[in-house]
Each structure stands twice: as C-alpha cells, then as structure tokens.
Q: 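There's a structure below that I have some questions on.
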Amino acid sequence: KRRSDGNKGTFGKILVIAGSRGVSGACTMCAGAALRTGAGMVRVFTHEDNRVILQETLPEAMCSTYPSVPAGGLGAAERDSVREELLSCLKWADVAAIGPGMGKSEGCRELLRFVLQHAEETLRGLVIDADAIRLIAEWDGLYGELRRAGEKLPVILTPHPAECAALFRKSVAEVQRNRFTWLRLFAEHFSCTIIGKDARTLVSSAGHRTQYLNTSGNDGLATAGSGDVLTGITAACLASGMEAFPAAAAAAYLHGR
C-alpha cells in the first residue's frame, strides 16, 4: 500500500550500481524498472561512457560515474575519489542494487567489496545480481563479506540456474534436481534471501520455513535484460518498506505479470 500523502522521499531512494563501458542497457533497464515499480528517486552509479545514453533514455534518473581504468590501473588519488563518490551515493540511498552489466574486473570486485563492507552503515537493503553474483562465486573472500552484510541488513540475491550453480559450487543439474533444499541452505547459511530464477522461480529466505514458488509469467521472459528488470523491481519493493521475503516474492510475481 502507498500513502496517498506521500512524496518522492516517502517511496524510497535507490542506488543502481550497474553497467560498464559499452554496456549501458543493463543500468537503464534496471533503473527504469525501479522507477516504474514506484521508487521515489533513482541514482545510477556507472561508467562515464554511459552518462549521455542514460540521461537521454531515462532523464528522471540521477547519474554518478567513474572513469575508465588505464592499463596501469587507477592511481591512489583516483581510487580514493571513486570510493568517496560511491560512499556519498550509498549514504544518499535507502536501497542499493549492484551487478547488472558491471563487469568482473578487479576494479569491479573492489567496488562490490566496498559496497558489502559499507552496506550496514549506509543502507537498509541490498539487491545483488548478475556480475556481482559471479564475482562472489569466484572470490572466496567475498562470501564472508556477503554473510556479514546479510547478518546486518536485508540482502536479496537474484541468480539464474547457472549463477546458482556457481554460488553453491555444484553443477546446474545438481542444483536443479534439489533446488528447494539448496536455496534454503544457502539462504540460511548467509542470512539472506535468494530468488532462484527459472521457468518457475523459487524464493527462499533465512528464518522462513515457507518458500515461494512463482507461477506468473511465460517464456517471453527468456530474453536478454529480463533479469535486469527483475533486479530493479526487487529493489523498489524493498525500498517501499517491505521485508526481504515478501519483497522478493512480490517482485517475482510482478515481473511475471
């Protein structure tokens, strides 16, 4: 339910950390979906090359950018400047969504680590998708950061079957044979909520014996960018004040509808 006397501050401020050089669609679709689902304000933190595309495609979204990384990497002053800007964006937001199209470079890994480490002090919810999920699966140290963040605030992950397999260190076939169990175990171990995307999406959440199996939607969702839209919807549901499990279930349902 939405307050009839609400304003743009009432309905949540969302930071979308997404997109990379040459990959602008993911951040625009994710941010656009968050706005269409009712978010009061959305800011996108992305590569500087996406600024013009984002502002022309989604003028109601605010934009903060980071520069290209030269072959030798960013200098200390440049790194500090990016972190300072990102921290300012995190402090502004109620909820952050990270991952769609962001890439899996070392710089992206450090951005994700920074967000996980500062989420508790700045946010009241975090949604993790796509490349951010892959980065967690590929770097053991990020599992600990994920667990610490999950113990302090609502964290929702939105993996498809291959990303579930990477997170769980199982084959896709193993996960699909018993995903009710694997999703529940992962959610409990990392104190998070997980939206296991599939033809019938399954939601599990730490502390909840009930799981949600979604039956809305059809194979029209089997297309590039669909997951980016779900991430934006999920962030908006969380920013509206819903708890993690009902927010994730509602997002899966709305996405299908």
Side-chain angles (χ1 to χ4, degrees), residues 14-20 23-37 39 42-47 50 90 93 95-105 108-109 111-116 119 123 125-139 142-143 145-146 149-150 153-168 175 183 186-187 190 192-198 201-205 214 217 221-239 244-245 247-256:
I14 296 173
L15 175 65
V16 173
I17 305 165
S20 53
V23 183
S24 60
C27 60
T28 56
M29 285 188 289
C30 183
L35 286 161
R36 290 186 181 200
T37 311
V42 173
R43 179 184 295 274
V44 180
F45 186 84
T46 189
H47 190 278
N50 294 330
L90 289 168
V95 169
I98 184 169
M102 71 179 290
K104 297 186 291 179
S105 67
C108 292
R109 183 184 72 194
L111 283 181
L112 175 58
R113 187 188 299 276
F114 186 87
V115 170
L116 289 171
L123 301 170
L126 176 64
V127 182
I128 302 174
D129 183 32
D131 289 335
I133 289 175
R134 292 288 191 178
L135 284 167
I136 291 170
E138 292 171 7
W139 297 92
L142 290 177
Y143 279 97
E145 301 288 359
L146 173 64
L153 76 158
V155 175
I156 302 176
L157 292 89
T158 63
H160 57 54
E163 290 165 346
C164 281
L167 278 175
F168 305 164
V175 172
L183 264 68
F186 187 91
F190 289 97
C192 66
T193 298
I194 185 164
I195 302 176
K197 296 183 291 193
D198 204 350
T201 291
L202 180 64
V203 180
S204 290
S205 188
N214 186 65
L221 290 173
T223 185
S226 181
D228 306 325
V229 171
L230 176 62
T231 298
I233 295 172
T234 306
C237 288
L238 200 55
F245 183 48
Y253 173 77
L254 288 170
H255 186 239

Q: Under the side chain to side chain contact (heavy atoms under 4.5 Å, CB included) test, which residues partner N50, sequence neighbours left out?
A: S24, C27, T46, H47
Q: Can L157 and L167 be said to form a side-chain contact (heavy atoms from CB on, under 4.5 Å), step by step?
A: CA-CA 10 Å; L157 292 89; L167 278 175; 4.0 Å; yes
Q: Closest heavy-atom contact between A248 and T193?
A: CB-CG2, 3.8 Å
Q: So does M102 get a backbone contact from the side chain of D131, meaning a donor-acceptor N/O pair under 3.5 Å?
A: yes
Q: Between L142 and L135, what is the shortest heavy-atom contact and its length?
A: CD1-O, 3.5 Å
Q: Taking atom CZ of F45 and atom CD1 of I98, what is their separation to the nearest 0.5 Å?
A: 9.5 Å
Q: Should we count OH of Y253 as having more than 12 external heavy atoms under 6.0 Å?
A: no
Q: On a heavy-atom basis, which atom in A244 and which in P154 lie closest, and how many Å separate them?
A: CB-CB, 3.9 Å
Q: Would a 4.5 Å heavy-atom cut-off, applied to side chains only, mark T234 and D129 as touching?
A: no
Q: Considering non-hydrogen atoms only, spot the tightest contact between P100 and A18 and give its length.
A: O-CB, 3.1 Å
Q: For a side-chain contact (heavy atoms from CB on, under 4.5 Å) check, start with the C-alpha distance between V203 and N214, then their side-chain angles and the critical distance, and finish with the verdict.
A: CA-CA 8 Å; V203 180; N214 186 65; over 6 Å; no
Q: Test of understanding: with side chain to side chain contact (heavy atoms under 4.5 Å, CB included), list the residues that count as partners of A96, not counting sequence neighbours.
A: L15, L90, L123, L126
Q: Just verifying a value: how many Å separate I128 CD1 and I136 CD1, rounded to the nearest 0.5 Å?
A: 4.5 Å
Q: Okay, side chain of H255, backbone of G227: is any donor-acceptor separation there less than 3.5 Å?
A: no
Q: Between CD1 of I194 and CD1 of I156, what distance do you get to the nearest 0.5 Å?
A: 11.0 Å
Q: How far does CG of L254 sit from OG1 of T37, to the nearest 0.5 angstrom?
A: 7.0 Å
Q: Specify the closest pair of heavy atoms between A31 and V16, including all atoms of both residues, with the distance to one decimal.
A: CA-CG2, 4.2 Å
Q: In terms of the angle between their ring planes, are Y143 and F190 parallel, tilted or perpendicular, with boundaries placed at 30° and 60°?
A: tilted
Q: Nearest 0.5 Å please: distance from the CZ atom of R134 over to the CG atom of L112.
A: 14.5 Å
Q: Within this structure, what is the CD1-NE2 distance for the pair I195 and H160, rounded to the nearest 0.5 Å?
A: 14.0 Å
Q: Look only at the side chain of T231 and the backbone of C30, and say whether a donor-acceptor pair between them is shorter than 3.5 Å.
A: no
Q: Closest approach of L238 and G125, non-hydrogen atoms and distance?
A: CD2-CA, 3.8 Å
Q: Under the side chain to side chain contact (heavy atoms under 4.5 Å, CB included) rule, collect the residues that match up with A249, sequence neighbours excluded.
A: Y212
